[in-house]
Amino acid sequence: MQVIRSQRKSSALDAVVATTLPLYRAAPNLEVRLEDFELFAIDRLRVLKRISDGLSRGKKPEEIEKLVNELWKAHMRHPQASEAINKDIISHFVLRLVYCRTEELRKWFLSMETTLFRYRFKLESFESQRSLLAEFDLPYKAVSHAEFESVKEKLSQVARSLGQSLTSGDTIFYKVPFEDIPELVAGRRVYIHKGHAYVAMNQVVSLVVTQFRSNLSKALILTNRKWTSMIRDQEKNRLTPIVEALSTSYLGPDYSEPKEFAEISLKDIDRVANSSFPLCMRHLFEKLREDHHLRYGGRMQLGLFLKGVGLKLDDALAFWKSEFSKKVGPERFDKEYAYSIRHSFGKEGKRVDYTPYSCQKIISSTPGVGDHHGCPYRHFSEDNLRAALSKMGVNSRAMDDVMDKVRNRHYQLACTLTFEAIHGSSCDAGINHPNQYFIDSQKILQSKVSD
Amino acid sequence: MTRDEVENGRDDMEIDGVDPNQGNLISDGFNANYLKVYYATLFPYSDVFKWLSYGNDGKHPSCDQSYFGRREFSFTLDNDIYLRFQSFKTASELENAVKEKCPFKIDIGPVYSVDPSKRHAYAQTGDNIFTPVERELIFDIDITDYDDVRYCCSGADVCRDCWPLMTVAIKVVDTALRDDFGFNHILWVFSGRRGVHCWVCDAKARRLANEQRSAIAEYFHVYKVIPDQKMLLPLLTGPIKDVSQFDPFYATFPGERE
């Protein structure tokens, strides 16, 4: 990429002119180490997913702008400053492979990358924006001085209606067909005459973003073709498994080694279940107490969660035994169920210490009749969900917000709102894992106790 | 109009050459036979064909012979049966179909990528698809949209006092479409009951994407509705230095303006 090379040449002097915002027009001619291939992509994906969360939560543009700035600094830096832009470009192109493969993935990626670009562009300096604008090669002409004078009155009227004024620094306007800037037209943010809009320099973001989006959209289709016809097979032993895993990956900690709240004893379990379990685990726990039995899916989901919460193997065995004995008797428990509990703790068979399920995994499971696992926000009827949340202490105002998220299939956001309503504090990172819910809940409750 | 209204002889409703007191000679309301007569003698088939061909019915080489045939019409028949994807290659095909089916309502749909009657031969996605390619930009204004500022009528009723609201709307929208957006080929028609339809037929308008169409509609939103407070919050802020800029629209109103 030309951008990189010219940067390298002038980097000795730390030149200001080269932009830090790549346009991802062509795949880079760089060598990438295999581990960087995956790691860079994961870091970028963290940024995109948090942006997605922020948008779904209805955050305002100023908040998203701040979020983008923080996320980029947090995840996309590189020990060698000059390598940061490579990481930027490489991660983008790797994610293109990941997200080109279905219509739904493409739509999500397009939306997030465009949003990311929009706010990064806004954070750039005026000169940087000007040069980026030139790189886009847009067919718009700047308004001549004479024409500007003739429409100046109208332009100031529009500026005033936006609560701004026509400062002299802003006298660069571009004449753009109204079709190219629908959002500015819709918001009445430009003066239009006979189908031409007068777009101020600071509004040029819209134009650039529209172009970016359109270019990326086309590129994704082409990438998909190349992927299905060639790359996927060629790389089936190397890159393909990485690419296929990335779109469904859970990116947080795996809670297999509970750290702070390690010791949860059996006598505490009913109390903490009531105060700190997320709805999915609460439901399983209640059903276990009620029916003295859970089917396989439920045993796995709840059992691994309890392990993550800090239940030791011996306590786990005692816990399950005490419930199951009431239904099947202690001998049958030892014979039929104890083994699989030990197995899930990595004490039997191939000795894999299974990790507690993330929200992603739980949401995608398909409980049948008689099962109680899965995500209740997804599977419960509206009435049942309202009743269950009410029992947890969610007030009616928050309830409506939660239901709204459920209807839009944002199950994790619904759970996050539930958490916030019950604990009376915000959870900015969003709930991605039941054990995260538990730990955050306990943190808040502990700090309240010590107050 | 009901029979009562006819027989009470409202002075300002004169039907040419008919004495309103001869009740039995005019049937009340809608009559399918009159519709047949209308289709047989009055419906302007060749004008409609000429209009919707947008010049493609000519002879010179750049004319697209397939254009009119790719337009969808839909018929609503007597028994409420709704027929979509009707298409015709010529004015006389259109004429024959209308006369034969005698639709109670005709809707004009978009122009598709291929003849709608052949749509099943094409895919839903990919390259060779059946999809709309052109559609007039249409605005639909009902007098009921102004119920919160009308005191004389409500619902589908209209009178001389409240119709001026519609006139103002027409003038505002028409002026903006021409001056601001540069459209020229605009048709305003009475919708038949309680409002007007505005058909913007410029080629540029017909090729607008959904996002652009809704941007134009939103451009006309100068207020925000706040439902629970039943309030309309004006969006246009900033001082109006000179009220006379609204003069063209005040001219139709008798009485005070400030």
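Quick note on labels: first sequence line is chain A, next is B, and so on, each numbered from 1. It should be emphasised that the depicted structure is a prediction, and the values quoted were computed from it without experimental measurement.
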Winner by heavy-atom pair count (cut-off under 4.5 Å) against chain A, out of B:Ala176, B:Ala215, B:Gly182, B:Ala209: B:Ala215
Above 12 or not: heavy atoms from other molecules or residues under 6.0 Å from CZ of B:Arg178? yes
To the nearest 0.5 Å, how far apart are CD in B:Gln212 and CD1 in A:Ile181? 10.5 Å
If you draw a 6.0 Å radius around CD in A:Glu104, do more than 12 non-hydrogen atoms from other residues or ligands fall strictly inside? no
Side-chain contact, heavy-atom cut-off 4.5 Å: A:Ile192 with B:Tyr219? yes
Is the shortest side-chain heavy-atom distance between A:Phe178 and B:Ile216 below 4.5 Å? yes
Point-to-point distance, once rounded to the nearest 0.5 Å, from CD of B:Glu218 to CD of A:Glu183: 10.5 Å
Heavy atoms of other groups near A:Arg407 CZ, more than 12 under 6.0 Å: yes
Is atom CZ of A:Arg189 surrounded by more than 12 heavy atoms (other residues, nucleotides or ligands) closer than 6.0 Å? no
About how many Å separate CG of B:Asp179 and NZ of A:Lys194, when rounded to the nearest 0.5 Å? 5.0 Å
Check this for me: does any side-chain nitrogen of one of A:Glu179 and B:Lys204 sit under 4.0 Å from a carboxylate oxygen of the other? yes
Evaluation steps, side-chain contact (heavy atoms from CB on, under 4.5 Å), between B:Phe181 and A:Val185: CA-CA 10 Å; B:Phe181 290 99; A:Val185 168; 3.9 Å; yes
For atom CG of B:Asp140, decide whether the heavy atoms of other residues, nucleotides or ligands shown that lie under 6.0 angstrom number more than 12. yes
